[in-house]
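To start, the structure itself, in structure tokens.
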Protein chains: 4
Amino acid sequence: MPAESVPAARGPGRPRSSRTRTAILAAAVDLVTEGGLAALSMSSIAARAGVSRVTLYKWWSSPGAIVLDGLLDRSHSSIEHDPSASARDAIAAQMQALITLFTDDGPTAAAIRAVTARAESDAQLARDLREHWHRPRREVAADILRRGIRSGEVRPEIDVEATIDLLFAPIYHRLLVDHAPLGPELVDQLLALFNGFAEPAPRLTST
Amino acid sequence: MPAESVPAARGPGRPRSSRTRTAILAAAVDLVTEGGLAALSMSSIAARAGVSRVTLYKWWSSPGAIVLDGLLDRSHSSIEHDPSASARDAIAAQMQALITLFTDDGPTAAAIRAVTARAESDAQLARDLREHWHRPRREVAADILRRGIRSGEVRPEIDVEATIDLLFAPIYHRLLVDHAPLGPELVDQLLALFNGFAEPAPRLTST
Amino acid sequence: MPAESVPAARGPGRPRSSRTRTAILAAAVDLVTEGGLAALSMSSIAARAGVSRVTLYKWWSSPGAIVLDGLLDRSHSSIEHDPSASARDAIAAQMQALITLFTDDGPTAAAIRAVTARAESDAQLARDLREHWHRPRREVAADILRRGIRSGEVRPEIDVEATIDLLFAPIYHRLLVDHAPLGPELVDQLLALFNGFAEPAPRLTST
Amino acid sequence: MPAESVPAARGPGRPRSSRTRTAILAAAVDLVTEGGLAALSMSSIAARAGVSRVTLYKWWSSPGAIVLDGLLDRSHSSIEHDPSASARDAIAAQMQALITLFTDDGPTAAAIRAVTARAESDAQLARDLREHWHRPRREVAADILRRGIRSGEVRPEIDVEATIDLLFAPIYHRLLVDHAPLGPELVDQLLALFNGFAEPAPRLTST
DNA sequence: AAATAAGCGAGACGGTACGTCCTGTCTTAGC
DNA sequence: GCTAAGACAGGACGTACCGTCTCGCTTATTT
């Protein structure tokens with residue numbers, strides 16, 4: 001149930017109202033921001049958006065799917081990165097961007113928390129979350145790391161997937177469990193513990 | 001809503017049935033193992049345990065609280081460690097134990113997933129989960145690290161909290177998001193990326 | 001789904017609220033009086049009675065069943081008759097009573113119309129209507145006729161069932177189709193066309 | 001909403017498809033035969049007829065109106081009678097024809113039952129049913145009775161409307177309430193109880 | 001041949017009702 | 001005083017039909 005940008009081939013029949021779609025996504029994100037998952041139901045979204053419940057069921061299968069769509073709509077561009085930066089700076093920028101998103105953009109943080117929670121009992125939603133949120137972001141990070149390996153900035157023997165988990169999972173973990181504050185200093189704290197970047201000296205010998 | 005071990009002051013009236021408590025916790029864990037959060041409700045637990053719904057409300061405030069109680073009952077002993085081991089071995093053992101718990105003990109994995117999900121919209125449950133599950137385990141890890149610092153095995157400039165997140169969050173993240181398999185090899189993959197252990201010999205010999 | 005007068009054996013559990021039952025039956029009859037079948041739904045009855053829809057489903061299976069119950073509650077006594085009257089007078093009284101019920105008691109007329117209409121597509125309701133409304137009334141009429149036969153007032157060769165249809169069906173037909181006014185004069189008009197009563201002369205020869 | 005036989009003034013624009021009308025009426029009657037009123041909806045008729053719902057709304061206002069149209073289309077000719085027969089035979093023939101229609105022609109019986117039921121909450125449909133089904137049939141019966149009065153076969157003091165109800169209402173009543181079988185023997189049973197025919201010989205000889 | 005107009009299918013949409021399930025509370029009886 | 005049984009209001013679920021509203025295509029008549 002990802003966000004579709006194609007406006008459909010335009011056959012017969014009344015065309016889908018774009019105002020409706022927008023209102024629904026906004027209502028879902030607003031509700032989840034204010035009251036979390038508990039405030040989220042097909043009924044409450046429909047009421048808030050001024051829309052019929054049937055219209056919701058027509059296009060989405062669950063409240064979680066709507067929130068995920070709203071989430072993807074509002075933050076799809078955050079995964080870009082500067083190709084000229086060093087691997088370390090690029091990874092740090094990604095981590096920083098994620099933390100900023102979670103701390104400065106309340107709706108996004110609430111939406112991620114809610115969708116992750118709902119995914120526990122909704123396999124389709126779990127799949128969509130993985131495919132449309134985590135996978136693109138992990139691929140960007142993986143690209144950065146692989147480019148760093150090729151350029152000698154990153155040690156070639158690292159496990160890329162484990163590295164991404166090592167650096168990014170703590171951010172999600174703090175967002176979900178809230179056992180410690182989530183702030184910008186976390187980036188440096190984590191990177192200081194990571195030994196995947198090659199030291200200046202050995203870098204000359206590689207390549 | 002943590003597990004109470006004190007048998008209550010024993011006033012007048014019919015004493016609380018321990019058989020009932022056991023049956024309720026077992027029913028909750030069974031249900032969550034079979035069907036996740038979706039299968040879990042006060043009604044379904046009461047039906048499975050052969051108990052009145054009112055009894056549940058008398059002692060717990062939500063299905064999540066019951067599952068958490070069941071979870072704590074069945075795995076409270078898993079956080080012990082051998083004081084004679086090296087810091088690295090002790091940390092690795094903790095990580096390994098957690099992974100084993102999640103991969104070999106279906107009920108525990110299901111319960112953690114469910115309680116974490118429910119905690120998104122239940123502040124009290126979130127607090128109990130942090131206090132009774134995460135905090136004791138983090139304290140054990142913190143002890144190991146601090147002892148390592150004192151003995152010179154662990155670099156003293158590390159941030160202990162960030163270190164615990166770095167090493168354990170990936171395990172929870174894989175359990176929840178399921179983007180990559182959760183297996184015993186993850187321990188070595190993660191530790192290989194961690195530079196917090198002071199190494200007598202030059203790192204170049206590792207590989 | 002007939003009206004139960006037995007107050008149930010009184011076991012454990014909260015006893016059924018009699019106020020609720022009364023309010024539901026009244027609401028159903030009121031609604032059908034004001035707007036006919038179209039105004040009648042489980043939802044509208046529940047709203048009018050200030051009661052949860054679930055409570056309705058607990059005790060009745062359809063709006064029609066509720067109206068029938070209300071109907072039986074309000075007019076169960078109308079089928080009595082004076083055993084000392086002549087057969088002709090007793091039958092006339094029954095016919096008159098039915099017409100009066102339909103013309104003077106709007107709710108009853110509306111309820112009978114609605115239940116008969118709904119019975120077209122609800123076999124259980126049709127059965128209940130036959131058993132609890134029509135059958136008792138037909139039995140009273142049959143008793144009168146059979147007593148008349150024994151006393152010589154009624155010709156013995158008549159078909160009792162056909163006679164009851166002949167005399168009473170026109171009343172229901174006018175109520176339902178409304179092709180001609182339903183008034184007290186109909187009783188004499190119909191009886192004037194009926195030849196089932198024995199003439200005064202032959203009466204002496206019988207017995 | 002009666003059947004129009006005039007092919008319309010033929011203005012500009014695409015003419016109405018007669019195939020469509022036929023398919024719709026057939027679909028409505030089929031549905032009502034199979035499942036009664038409950039199976040009848042604008043949606044189900046449209047689906048069965050392979051037609052758009054909008055087309056239905058263009059020409060009819062309700063499912064009941066469609067069924068009535070279908071009913072009138074299929075049985076308009078059944079009210080003719082032989083002018084040379086006696087009044088008694090002619091009335092008996094009308095009664096017999098109605099019973100035969102209801103017992104041998106399932107679709108017609110189902111349609112009458114459904115339309116009568118729906119008419120309870122649809123004043124326009126009730127009017128159309130009276131005007132286009134009952135009134136023509138009652139007029140034929142009234143003609144027979146009035147001709148009988150003129151010829152001396154029928155007693156002049158009878159109330160014609162009441163007589164028609166007396167003889168025909170039982171047939172509709174049995175069709176709707178189904179409290180007793182509807183069969184050809186009913187005609188003689190009813191006529192034997194009717195004293196409206198002037199009899200030359202003394203009634204005692206009948207038996 | 002083009003313009004005009006109605007018939008008609010496809011599809012979106014708000015609204016209402018359906019019957020079911022779970023929640024949290026309350027009321028009774030029994031242990 | 002713990003517990004089971006049960007009644008109840010409230011609210012969400014997912015589905016069905018309602019009636020209305022665009023659309024775009026088709027089929028005819030009129031200019």
Side-chain angles (χ1 to χ4, degrees), chain A residues 8 10-21 38 40-47 49-59 61-63, chain B residues 8 10-17 19-20 38 40-47 50-59 61-63, chain C residues 8-21 40-47 49-59 61-63, chain D residues 8 10-17 19-21 38 40-47 49-59 61-63:
Chain A
R10 205 64 148 81
R14 179 170 168 175
R16 184 171 174 189
S17 156
S18 72
R19 202 219 123 266
T20 295
R21 195 187 115 95
L40 204 67
S41 71
M42 289 305 233
S43 295
S44 64
I45 296 172
V51 141
S52 162
R53 248 168 55 245
V54 179
T55 303
L56 265 56
Y57 285 109
K58 189 85 197 292
W59 302 104
S61 61
S62 72
Chain B
R10 208 57 151 96
R14 178 168 167 181
R16 182 172 174 191
S17 154
R19 204 220 118 267
T20 295
L40 203 67
S41 71
M42 288 303 232
S43 295
S44 63
I45 296 172
V51 143
S52 161
R53 250 165 58 245
V54 180
T55 305
L56 264 57
Y57 285 109
K58 192 83 195 293
W59 303 104
S61 63
S62 71
Chain C
R10 204 66 146 85
R14 179 171 169 175
R16 183 171 174 188
S17 156
S18 71
R19 203 218 122 267
T20 295
R21 196 188 115 95
L40 204 68
S41 71
M42 289 305 233
S43 295
S44 63
I45 296 172
V51 141
S52 161
R53 250 168 52 245
V54 179
T55 304
L56 265 57
Y57 286 110
K58 189 86 196 294
W59 301 105
S61 63
S62 71
Chain D
R10 207 62 146 91
R14 177 171 169 178
R16 184 171 174 190
S17 155
R19 205 219 120 268
T20 295
R21 196 188 113 95
L40 205 67
S41 73
M42 289 303 232
S43 296
S44 63
I45 297 172
V51 143
S52 162
R53 251 166 56 245
V54 179
T55 304
L56 265 57
Y57 285 110
K58 191 84 195 290
W59 303 105
S61 62
S62 72

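Protein chains get the first letters and strands the later ones, always in sequence-line order, with residue 1 at the start of each.
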Residue whose nearest DNA chain F nucleotide is more 5′ - B:Thr55 or C:Arg19:
B:Thr55
Return the set of residues passing side-chain hydrogen bond (donor to acceptor under 3.5 Å, both in side chains) with C:Thr20 (not counting sequence neighbours), or none when no residue passes.
C:Ser17
Restricting to side-chain hydrogen bond (donor to acceptor under 3.5 Å, both in side chains), what partner residues turn up for B:Thr55, sequence neighbours left out?
none
Taking only residues two or more places apart in sequence, or in another chain, which ones meet B:Ser41 in a side-chain hydrogen bond (donor to acceptor under 3.5 Å, both in side chains)?
B:Ser44
Straight-line distance of A:Ser52 OG to A:Leu56 CG, nearest 0.5 Å
8.0 Å
Tell me whether the side-chain N/O atoms of B:Lys58 come closer than 4.0 Å to OP1 or OP2 in F:dT3.
no
From CG of D:Leu56 over to C1' of E:dA10, roughly how many Å is that when rounded to an integer?
15 Å
Distance in Å, B:Tyr57 OH paired with B:Met42 CE, rounded so as to fall on 0.5 Å steps:
5.0 Å
Nearest heavy-atom pair of A:Arg19 and A:Ala49: which atoms, and what distance?
NH2-O, 4.0 Å
Do the side-chain N or O atoms of C:Trp59 get closer than 4.0 angstrom to the phosphate oxygens (OP1, OP2) of F:dA7?
no
Please give, in whole Å, the distance from F:dC13 P to A:Ile45 CD1?
8 Å
Protein-proximity profile, nucleotides 15-21 of chain E, B/S/- by nucleotide at the 4.0 Å heavy-atom cutoff, equals B-BBBBB
